[in-house]
Amino acid sequence: MAVAVPSGRAGGSGWAWRPVARDELLARAFHSCTELRGRFYLVGGLLAGGAREPSSDTVIFDPTGGQAVRLEAPGGPPRSHHDAAPVGGRWLCVVGGWDGSRRLTTVAALDTERREWEAWTATSGNCPPAGLSSHTCTLLSDGELRVAGREGGVRTQRRYGSIYTLKLNPGARTYCYKEEGHTVSRSGHCAALLQTPGPHPGHQLLLFGGCNSAEPEVAGRWNHGKIKEESPAAPRLTEQLAKLVSSGQGSRQGPQGLRHHSCSVVGPFAVLFGGESLTKARDTICNDLYIYDTRKSPSLWFHFPCGDRGLKRMGHRTCLWNDQLYLVGGFGEDGKTASPQVCILDLFI
């Protein structure tokens, strides 16, 4: 088990990624990892650094039993640098991404009950992006996503990225994009839907990284009661994170110029890990933990470094389930070898 404990403070606060499973089926990067009915669905990704053809595999990981199996479902879409979201407790909707030759905006949906892939169709009022990869899709309510990030074809990259609302209709098997505004050009960022502090908290969607800046960007604000989708409850992990940021061990520093990192919302905290630095010429793959604390205004960054080079990751995913944060896949220190491990975040307070 790799443990990160601040130097000079024996017995002080620390954190660790504890391995709980290992399977070569999980060895991939730039995939999606989505929890649905207590299972993690891994879709696509790149199986090795430098590969241009993404995988069309779907792998189901059972976090209870620690087992991974390949889903035998026809029509699996080859995808990498995409995002995915659960809809209706039944469908896994994969949005955009790279198919080996172009950036897509289409929606492919896995019917987890019938175990079949479906190509959903756009409605007549659809106004899609030019092309999406290394973007984010955030669930606002069942069937409504907020899409943000990189936009453009293979030879054309815009100076800005648009923000879209994507509405999904499982009954009709349709989708529809509506443009909501612009952001700075980001690629490989992450998104976190967090409550705003106050007696009647609303929500805001924050974008982290994907460009040479440590400051998050607001990609949407909603009044109290407007957001129907809440993050899974994680009381134990939330309490541990609160103790960690109050321990005085972390520096007040946000991630400067980071992309292809992971992000999960745990209560009032956004937990970021790993990624690729845009500010370094060498040793660009990172293994640090960042926590964004929104309990007070202004929100605060906390940085917890790690000395274990074996924990370096990029193109990985984290997934919150059953009051635990899981780390799945990603390329390691060499940027080429995909990790077959699943780990759980342990905090030592």
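The basis for the numbers below is simple: all heavy atoms, side chains too, and nothing from hydrogens, waters or symmetry mates. In what follows, residues are counted from 1 in the order of the sequence shown.
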Under 3.5 Å, is there a donor-acceptor pair between the [X] and [Y] side chains?
X: D334; Y: T337; result: yes
X: S264; Y: T318; result: yes
X: Q256; Y: T279; result: no
X: T136; Y: H189; result: yes
X: Q204; Y: T196; result: no
X: S101; Y: D99; result: yes

Check your understanding: Has Q253 got more than 12 heavy atoms of other residues, nucleotides or ligands less than 6.0 Å from its CD?
Key ->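 Atom CD in Q253 is packed in, count exceeds 12.
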
Point to revise | Heavy atoms from other residues, nucleotides or ligands near NZ of K280 exceed 12 (cutoff 6.0 Å) | key: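 Yes, because the 6.0 Å sphere around NZ of K280 holds more than 12 heavy atoms from other groups.
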
Exercise for review: Answer yes or no: is there an ion pair linking D293 with R252, defined by an N-O contact shorter than 4.0 Å?
Suggested key: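 Between R252 and D293 there is no salt bridge, as every charged N stays at least 4.0 Å from the carboxylate O atoms.
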
Point to revise | Basic-acidic side-chain contact under 4.0 Å: K228, E144 | key: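 No, K228 and E144 are not salt-bridged.
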
Exercise for review: In sequence, state the C-alpha distance, the side-chain angles, and the governing distance for K312 and D283, and then conclude on salt bridge (Lys or Arg N to Asp or Glu O under 4.0 Å).
Suggested key: CA-CA 10 Å; K312 289 177 176 286; D283 196 23; 3.4 Å; yes

**Study point:** D288 side chain vs C306 backbone, donor-acceptor pair below 3.5 Å
**Key:**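 Here the side-chain-to-backbone pair exists.
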
Practice item. Quickly, which of F269, F208, F302 forms a ring pair (Phe, Tyr, Trp, His ring centres under 6.0 Å) with Y292? Name it, please. Key: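 The ring pair (Phe, Tyr, Trp, His ring centres under 6.0 Å) with Y292 is passed solely by F208 among F269, F208, F302.
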
**Study point:** Centroid separation W17 to Y326 less than 6.0 Å
**Key:**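 No - the distance between ring centres of W17 and Y326 does not fall below the 6.0 Å cut-off.
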
